Amino acid sequence: MQRQITVLVRSFINAERAQKPGLLAAYNEQRGRQLRAFLQDNRAVSQLRVIVHADQSQDSAEVHDERGVYPTRAMVAQQLGDEYAGTDIAVQLVHDGWGPNIGSGQALNQGLAQVHTEYVMCWSPEMAITGEQLNRAQQLLHQSELAVLGFLRTGWQASLPWRIPQNTAAIWRTETLKSLAGFAPVCDGEDGELLHLPGEKHGILTAGMEDFHALLRLYQQPHAHRWGMVGVDQPIPWPLDLDDKRVTDKVLRQQLVMEAWNCQLNPGQSLAQTMEQLAGHAEFLEFVPGAA
């Protein structure tokens with residue numbers, strides 16, 4: 001199997017963590033372990049690009065030390081070097097255009113501009129995907145001629161957003177994603193539009209779900225692409241505490257944002273109708289055939 005995937009990871013280490021050696025060391029060790037586990041035994045990834053939030057116009061940006069070194073760059077050098085398990089590794093600093101939303105689609109676009117492999121994967125290290133699962137995913141993506149393949153996570157049956165490709169872990173055909181001009185800037189919350197969770201007085205930013213926005217735009221093109229999800233038999237562990245209100249609010253927000261993007265791109269059509277149409281172009285796949 002040829003190495004045909006470039007992986008993009010958005011990263012930032014906030015100032016509070018960076019200034020506390022104990023917290024920083026623990027984070028570095030954990031993140032290094034996650035990255036190594038992902039890269040080990042894979043035969044699909046040729047490049048890993050860690051995209052650092054260095055846009056100082058945002059309070060959440062990472063701050064460099066007195067030597068001008070960003071904590072993420074130091075972590076990658078310490079934990080991985082510039083190559084690990086046959087994968088070329090580099091850090092890319094984003095100094096402007098990150099936008100108000102932490103999960104910046106524009107940051108992914110800056111990474112995408114440098115991608116020349118057949119596929120590009122957007123990934124969060126909290127999604128514990130193994131090298132063998134990644135190998136199989138690339139094989140399925142190629143065999144089924146999909147535009148994008150997402151990874152099902154634990155609990156996916158209970159959450160509509162988790163049943164579509166999300167950039168927490170999604171492999172896109174590079175040519176297709178570039179034909180969409182990547183992810184839409186509106187998804188980073190630049191316009192300041194707010195939405196309201198049930199029972200909440202204070203609005204939250206209408207932002208994120210840039211992956212769903214891209215999927216909707218994909219189906220505005222003349223050619224009927226296919227998309228898929230893999231992991232029916234082996235959902236990826238996703239260690240979220242659903243008893244934590246912050247977590248449940250995030251999940252609720254995702255569906256409300258999906259409704260907002262659908263209203264924008266498919267006026268007069270409900271999200272349920274859109275999802276029914278999308279389902280007609282989808283494949284739900286197993287890592288091991290016949291195992292589910």
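Residues take their numbers from the sequence shown, with the count starting at 1. No hydrogens, no waters, no symmetry mates; every other heavy atom, side chains included, goes into these values. The structure presented is a predicted model; accordingly, all values stated were derived computationally and were not measured.
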Quick one: does any side-chain atom of [X] pair with a main-chain N or O of [Y] as donor and acceptor, under 3.5 Å?
X	Y	result
Asn262	Gln269	yes
Trp98	Ile102	yes
Ser11	Val50	no
Asn101	Ser104	no

May I ask you to say whether [X] pairs ionically with [Y], meaning some side-chain N is under 4.0 Å from a carboxylate O?
X	Y	answer
Arg10	Glu210	yes
Arg226	Glu283	yes
Asp65	Arg73	no

Side-chain donor-acceptor pair under 3.5 Å between [X] and [Y], yes or no?
X	Y	answer
Gln106	Asp188	yes
Arg136	Gln133	no
Arg33	Gln79	no
Tyr84	Gln40	yes
Thr117	Ser46	no

(message) I'd like to know whether the aromatic ring centres of Phe183 and His213 sit less than 6.0 Å apart in this structure.
(response) no

(message) Against Phe287, only a single residue in Thr130, Ile236, Val232, Asn135 fulfils side-chain contact (heavy atoms from CB on, under 4.5 Å); can you say which?
(response) Ile236

(request) Could you list the residues that satisfy ring-ring contact (aromatic ring centres under 6.0 Å, His included) with Phe38, not counting sequence neighbours? (result) Trp123

(request) Tell me, please, which residues at least two apart from Thr206 pass side chain to side chain donor-acceptor pair (under 3.5 Å). (result) none

Determine whether [X] and [Y] make a side-chain contact, defined as any pair of heavy atoms from C-beta on separated by less than 4.5 Å.
X	Y	value
Val63	Gln56	yes
Val9	Ser124	no
Asp211	Trp172	yes
Gln221	Leu180	yes

(request) Sequence neighbours left out, what pairs pass salt bridge (Lys or Arg N to Asp or Glu O under 4.0 Å) with at least one residue falling in residues 118-132? (result) Arg31-Glu126, Arg43-Glu132, Glu118-Arg173

(message) For the CD atom on Glu276, are there more than 12 heavy atoms of other groups (residues, nucleotides or ligands in this structure) within a distance under 6.0 Å?
(response) no

(request) Check Gln110 against Asp96 and note the closest heavy-atom contact, atom names and distance. (result) NE2-O, 3.0 Å

(message) Please evaluate residues Ser60 and His53 with respect to the criterion side-chain hydrogen bond (donor to acceptor under 3.5 Å, both in side chains), reporting the C-alpha separation (whole Å), side-chain torsions for both, the decisive distance (0.1 Å), and the verdict.
(response) CA-CA 8 Å; Ser60 54; His53 183 357; 3.1 Å; yes

